[in-house]
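Quick notes on the structure that follows.
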There are 4 protein chains.
Amino acid sequence: MIIVMRKDCSREDIAQVQQRIRQRGLSDHLSQGVERTIIGVLGSIYPELKDELELIPGVMEVIRVTKPYKLSSREFHPDNTVVRVGSVVIGGDEVVVMAGPCSVESEEQLLTAARAVRAAGGRILRGGAFKPRTSPYSFRGMGVEGLRLLARAREETGLPVITEVMQPQDVELVAQYADILQIGARNVQNYMLLDAVGKIKKAVLLKRGFATTYEEWLLSAEYILSAGNEDVILCERGIRTFETYTRNTLDVAAIPVIKKLSHLPVIADPSHATGQWKLVTPVALAAVAAGAHGLEIEVHPEPDKALSDGAQSLTPENFARLMDQVRLVAQALGKRVAGPAPASV
Amino acid sequence: MIIVMRKDCSREDIAQVQQRIRQRGLSDHLSQGVERTIIGVLGSIYPELKDELELIPGVMEVIRVTKPYKLSSREFHPDNTVVRVGSVVIGGDEVVVMAGPCSVESEEQLLTAARAVRAAGGRILRGGAFKPRTSPYSFRGMGVEGLRLLARAREETGLPVITEVMQPQDVELVAQYADILQIGARNVQNYMLLDAVGKIKKAVLLKRGFATTYEEWLLSAEYILSAGNEDVILCERGIRTFETYTRNTLDVAAIPVIKKLSHLPVIADPSHATGQWKLVTPVALAAVAAGAHGLEIEVHPEPDKALSDGAQSLTPENFARLMDQVRLVAQALGKRVAGPAPASV
Amino acid sequence: MIIVMRKDCSREDIAQVQQRIRQRGLSDHLSQGVERTIIGVLGSIYPELKDELELIPGVMEVIRVTKPYKLSSREFHPDNTVVRVGSVVIGGDEVVVMAGPCSVESEEQLLTAARAVRAAGGRILRGGAFKPRTSPYSFRGMGVEGLRLLARAREETGLPVITEVMQPQDVELVAQYADILQIGARNVQNYMLLDAVGKIKKAVLLKRGFATTYEEWLLSAEYILSAGNEDVILCERGIRTFETYTRNTLDVAAIPVIKKLSHLPVIADPSHATGQWKLVTPVALAAVAAGAHGLEIEVHPEPDKALSDGAQSLTPENFARLMDQVRLVAQALGKRVAGPAPASV
Amino acid sequence: MIIVMRKDCSREDIAQVQQRIRQRGLSDHLSQGVERTIIGVLGSIYPELKDELELIPGVMEVIRVTKPYKLSSREFHPDNTVVRVGSVVIGGDEVVVMAGPCSVESEEQLLTAARAVRAAGGRILRGGAFKPRTSPYSFRGMGVEGLRLLARAREETGLPVITEVMQPQDVELVAQYADILQIGARNVQNYMLLDAVGKIKKAVLLKRGFATTYEEWLLSAEYILSAGNEDVILCERGIRTFETYTRNTLDVAAIPVIKKLSHLPVIADPSHATGQWKLVTPVALAAVAAGAHGLEIEVHPEPDKALSDGAQSLTPENFARLMDQVRLVAQALGKRVAGPAPASV
């Protein structure tokens with residue numbers, strides 16, 4: 001941490017800063033230039049120190065030098081984290097595609113989607129049982145019954161299952177059925193929930209919020225990691241900007257940035273980012289080309305009858321086409337994507 | 001709801017749209033112009049219908065005409081809602097100031113702040129017992145002990161108490177101690193929590209999220225109202241924009257807009273919006289001039305020793321000065337602010 | 001400027017940074033801590049140095065300590081700048097209201113508006129002759145004829161005139177007619193135009209752009225000041241955010257922030273910020289309460305017939321009501337607003 | 001255009017709307033439902049009509065149905081526009097890479113860069129002679145001398161040249177030297193400049209502004225097209241969001257969206273979007289995978305000595321590596337990229 005003093009600061013101001021630093025058990029390093037006096041702080045800095053020091057007279061600015069997250073940082077953990085879910089490896093050379101309907105609506109709907117996902121090379125089945133909905137009047141998911149249907153679809157297709165959990169008291173229940181627990185964009189700073197999923201032994205997929213910076217996102221991951229769960233996957237799903245033509249704006253640079261700042265795997269969700277099924281494929285390809293470790297895609301047997309997110313869901317046919325193109329781009333960059341399953345399945 | 005068809009749509013496309021509308025138990029109204037064919041939908045429209053219709057070939061755009069929220073809308077409830085908390089009335093002619101420390105840190109700290117708040121004309125005591133913190137390494141509040149101290153401060157000063165609740169399973173506990181339950185910006189779309197506070201008989205203050213539109217904010221209020229709790233107060237606390245000099249950007253127009261769209265009281269939080277104590281007073285005055293029903297302000301006896309949000313906290317002296325100015329502006333616009341308490345208290 | 005080195009940087013990296021600094025005629029100051037090595041740079045730093053140094057191996061971050069603008073900074077020029085336009089003083093104790101139609105449309109329209117502005121206490125007449133329009137098919141203003149009508153309205157009412165200039169080659173022409181030249185939001189970084197208005201002897205009102213930070217705005221002011229023109233007035237007119245209900249989001253904190261960072265007067269434009277006439281008055285009052293030195297308001301005799309910005313224009317009656325309220329708020333805070341002119345004018 | 005009336009509107013309100021529409025030479029179409037009355041407007045609608053109608057009592061909302069741009073829309077011009085610059089075709093199957101230094105600094109610097117661009121498969125040479133700089137104290141380009149050096153580099157390498165023009169009076173001059181005139185992000189709504197480049201017979205590359213919506217961007221293109229110049233190329237270069245880690249946020253979905261809304265070619269500039277050379281390659285690949293017709297990339301022989309944008313410039317070696325990867329991704333999607341030139345050149 002570096003404290004930049006005002007040009008017109010007094011000796012007393014400087015002394016007060018030094019005294020405060022020492023009171024906190026830290027050491028200081030004074031550097032007096034012609035133009036500016038700068039004081040460095042050494043030791044184990046806590047987040048509130050910045051606020052404290054900025055209130056001392058004569059202080060112009062306090063600049064944080066070290067990052068506020070540790071366990072999720074690449075500096076702390078130089079090698080890539082690889083998350084294993086059954087036989088699926090997320091964070092390696094394979095581009096892992098997670099797909100399925102936004103909401104579980106019926107056994108038939110889910111199984112049809114699951115088979116299509118598997119047939120086209122999808123590796124994980126997604127499906128919502130508890131749904132966060134902007135309006136209280138929208139369909140909020142089938143709840144436990146939806147979890148049971150997901151487990152049955154896993155039995156039949158062999159695909160591990162990812163589903164969202166919305167409150168701490170549901171974590172145990174959802175973990176009984178799911179292979180990966182998803183934390184949605186609206187809950188990225190629901191710290192009680194992050195604590196709760198940090199205490200279980202299941203992989204967690206943490207979506208970026210609509211207005212979450214990279215630093216805040218990695219601090220949210222830090223909650224999970226510091227509670228003891230190392231299997232965290234990050235998912236860029238679009239941020240909120242002034243442009244409203246698309247549902248959100250996929251920040252494609254987030255993928256290489258997160259890979260630089262952190263060791264955690266990072267995937268992308270082009271369905272929620274765009275909100276329009278015709279845009280899903282080009283944006284999915286972009287994410288893969290930028291280095292994403294995977295994709296999360298909404299697939300529905302009949303998008304026009306979906307109880308949620310129909311407009312952004314792909315039909316099985318369009319999903320198969322997307323997979324073909326994803327495979328070509330991934331291969332061009334030396335990565336793998338699972339092939340289509342044999343027709344007999 | 002209005003469906004605008006493409007110029008090149010076929011008769012079959014139009015027929016398919018009409019059929020779908022009728023299948024859903026709604027009625028349609030066809031309007032064929034020279035340039036465009038437009039189909040109106042009449043009846044009780046559900047949110048997913050837009051997605052459904054947009055997927056039919058030939059449809060260019062589906063435009064929602066009615067607002068998706070009802071109970072929180074001014075159209076549904078033309079008169080202002082007034083929330084009564086003890087003898088304090090929020091939503092009327094008085095500008096109600098809620099103030100106190102960001103976090104409850106000790107009995108002495110809280111009582112000193114509470115007395116100062118009361119002395120200067122504050123009507124509600126704020127203080128955090130459960131604190132949402134961006135970093136897991138920051139102070140997260142005193143928990144139940146903090147709630148007990150808040151209750152004791154209420155006993156001594158007579159000020160009703162507002163404090164934050166962060167997860168559904170804490171709602172009952174917090175409601176035992178607090179007079180108003182606060183839902184923080186990060187939880188504005190934590191729907192399980194909104195449901196939970198909708199079921200109790202205490203007033204709820206719902207902060208706007210960093211990236212929440214007016215419509216989404218009122219839909220979050222709708223969760224609380226539709227669960228049975230009518231005592232909802234809204235609080236504008238700044239949104240996230242490209243400008244990072246201030247912590248957030250207070251959207252001052254939100255105040256008259258919300259008063260137009262909704263019957264619920266709306267207050268402003270200049271402390272979190274700006275993040276800098278020197279900016280709190282001018283922004284507080286702006287909110288009052290724009291018509292806010294109240295303010296929420298951070299006050300700390302020794303801001304430079306605060307465990308959270310020190311940089312944006314006012315000293316008791318600065319808070320008293322703020323109150324003097326708020327009183328002048330409120331009076332200029334025909335509103336009231338409680339006067340300073342007699343010195344002997 | 002401070003250079004923070006990576007933990008794993010080598011001695012050679014440090015030496016290379018020092019060498020580069022000295023080659024540029026600057027001096028360095030090394031500070032080696034246990035955790036971090038930090039190098040300070042002293043001397044006359046140029047903007048590109050940051051980029052240069054960040055490319056040297058071992059450098060983690062380069063932090064600018066001094067602000068990049070000088071002439072527009074409060075540090076350089078501690079006293080408030082006061083801009084005099086005829087008998088009107090902008091930047092002092094008076095809240096100066098500039099008002100009039102968005103576009104000059106006819107002699108009658110302009111004179112009716114000008115008389116209403118004067119009658120209600122407006123001090124400057126605004127009116128567009130050259131109009132920047134999003135669509136090439138919109139009315140783009142009357143051009144020189146509009147300038148002539150403005151001059152005539154000044155003759156009749158005694159009000160100085162403000163109007164927009166859009167390209168360098170028009171600066172001389174517009175300066176012949178106008179008392180204040182306005183640079184619109186879209187041209188805030190049209191540097192050729194800033195250079196051009198920096199070379200004339202007329203006051204310039206520089207609007208903030210839709211997506212301009214405080215620092216960039218003050219750097220744009222710096223263009224004008226460094227070209228020799230000291231009479232610069234800043235105008236906050238709303239920024240672009242994710243919220244689209246209002247035309248833009250007025251950043252009310254910009255007013256106290258700019259007053260802290262700079263000595264230049266700062267006013268607000270609630271008409272463009274909100275885009276809705278019903279929101280103009282509350283937002284105008286907010287700006288005055290936050291400390292604005294003035295307001296710019298759109299007034300049109302018949303808003304529903306306006307060729308531009310009708311929806312956000314006030315009728316003369318509504319403008320007079322706004323002025324009454326502005327006067328009350330300004331007086332509450334110890335400021336003045338011109339009174340209504342005698343009825344006989 | 002559709003006018004939605006309030007529930008409580010009177011017959012007189014409806015009649016007034018109809019009268020106004022007819023006065024304007026348009027025809028109306030009334031549709032009275034149980035819940036709402038809706039009035040359609042037919043005929044040649046002008047942009048201001050929305051404002052006009054919204055001011056009539058009883059009107060709740062006026063919804064524009066047709067897009068405000070015509071010449072730039074896909075509906076008006078269904079086939080892709082292909083822009084030919086010498087032997088280079090932009091908008092077809094080839095991914096065209098434009099590369100070179102941010103600023104022209106010297107003959108040697110430019111020629112070294114130009115040879116490297118050509119050798120690696122770049123097809124157009126970029127280089128700034130007139131530079132828009134945030135600070136008046138930064139290097140603003142070599143001016144005419146820079147244009148001459150660009151022409152000389154074209155002579156030697158055979159690469160057509162793209163360079164920025166900043167004000168209307170320079171258009172003719174720049175057009176004498178350049179093959180493509182670039183309008184920078186800051187000038188995307190400098191309408192005088194758009195008019196000026198619309199009147200010449202050279203291709204124009206129009207960058208998206210920091211805060212320009214798709215619709216505004218296409219309206220800016222409309223200025224150029226409606227002035228008579230059909231050779232317009234659009235360039236996504238990142239928008240301004242709350243995330244400040246990268247210089248801007250590349251909106252990768254803009255590429256498929258623009259291809260859907262418009263017939264004009266669209267390329268991407270990953271250098272300005274990211275501001276960091278290490279992020280340029282992944283983001284460039286993303287843009288190509290999303291369907292971009294080309295890329296604009298900053299290449300400098302010695303980025304650490306660049307007078308502008310050093311931190312985001314690639315060395316010739318890194319540029320050659322980028323081109324290899326771009327080629328692989330483009331080929332995977334059935335597109336072409338020019339191969340490396342023979343070593344002897």
Side-chain angles (χ1 to χ4, degrees), chain A residues 67 208-218 236 238-261 268 270 273-276 278-292 324-335, chain D residues 67 208-218 236 238-261 268 270 273-276 278-292 324-335:
Chain A
K67 298 191 174 65
R208 184 181 185 184
F210 303 140
T212 310
T213 62
Y214 302 145
E215 188 174 296
E216 290 168 344
W217 192 12
L218 292 174
E236 162 65 31
I239 57 173
R240 189 156 272 182
T241 69
F242 63 84
E243 179 60 70
T244 56
Y245 183 91
T246 46
R247 185 164 163 173
N248 289 110
T249 298
L250 188 102
D251 175 9
V252 80
I255 295 162
V257 170
I258 290 296
K259 290 170 80 174
K260 182 181 156 197
L261 298 178
T274 62
Q276 299 176 38
K278 286 194 182 174
L279 299 174
V280 171
T281 296
V283 171
L285 296 174
V288 171
D324 288 342
Q325 292 195 272
V326 163
R327 210 169 280 117
L328 290 169
V329 169
Q331 286 167 354
L333 296 168
K335 296 216 180 170
Chain D
K67 299 192 173 64
R208 184 182 183 185
F210 303 141
T212 309
T213 62
Y214 302 145
E215 187 172 298
E216 289 168 346
W217 193 12
L218 291 175
E236 162 66 32
I239 57 173
R240 187 156 273 183
T241 69
F242 64 84
E243 179 59 70
T244 57
Y245 183 91
T246 45
R247 182 163 166 174
N248 289 108
T249 298
L250 188 100
D251 175 10
V252 79
I255 295 162
V257 170
I258 290 297
K259 289 170 81 174
K260 183 180 153 198
L261 298 179
T274 62
Q276 300 175 38
K278 286 192 180 174
L279 299 174
V280 170
T281 296
V283 172
L285 296 174
V288 171
D324 288 343
Q325 292 195 270
V326 163
R327 210 169 281 117
L328 291 169
V329 170
Q331 286 167 354
L333 296 168
K335 296 216 180 168

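Chain naming here is simple, since letters A, B, ... match the order of the sequence lines and numbering starts at 1 in each. The figures here come from the full heavy-atom set of this structure, side chains too, leaving out hydrogens, waters and symmetry mates.
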Could you have a look at A:Gly291, A:Ala290, A:Pro270, A:Ala273 and say which one has the most heavy-atom pairs with chain D under 4.5 angstrom?
A:Ala290
Test item: D:Leu285 and A:Leu333 side chains (from C-beta on) under 4.5 Å apart, heavy atoms
yes
So which atom in D:Thr246 and which in A:Tyr214 form the shortest heavy-atom distance, rounded to 0.1 Å?
OG1-OH, 4.3 Å
Using non-hydrogen atoms and a 4.5 Å limit, figure out which bit of D:Lys278 sits close to chain A: side chain, backbone, both or neither.
neither
What part of D:Gln331 gets closer than 4.5 Å to chain A, counting heavy atoms only: side chain, backbone, both or neither?
neither
Hey, mind stepping through A:Thr241 and D:Thr249 against side chain to side chain contact (heavy atoms under 4.5 Å, CB included) and telling me if it holds?
CA-CA 10 Å; A:Thr241 69; D:Thr249 298; 5.8 Å; no
For A:Glu215, the side-chain hydrogen bond (donor to acceptor under 3.5 Å, both in side chains) test, sequence neighbours excluded, returns A:Arg64
With a 4.5 angstrom heavy-atom cut-off, which part of D:Arg327 approaches chain A: side chain, backbone, both or neither?
neither
Tell me, out of D:Ala284, D:Ala292, D:Ala253, D:Ala289, who's got the most heavy-atom pairs with chain A below 4.5 Å.
D:Ala289
Contacts of D:Arg208 that satisfy salt bridge (charged side-chain N to carboxylate O under 4.0 Å, His left out) - sequence neighbours left out:
A:Glu243, D:Glu236, D:Asp251
Where do D:Phe242 and A:Thr213 come nearest, in terms of heavy atoms and distance?
CE1-N, 3.8 Å
Which portion of D:Thr281 sits near chain A, non-hydrogen atoms under 4.5 angstrom:
neither
Answer with side chain, backbone, both or neither: which region of D:Ile255 has an atom nearer than 4.5 Å to a non-hydrogen atom of chain A?
neither
With chain D, the option among A:Val283, A:Leu250, A:Val257 that has the most non-hydrogen atom pairs under 4.5 Å is A:Val257
Here the pair of heavy atoms bringing D:Pro256 nearest to A:Leu279 is CB-CD2, 3.7 Å
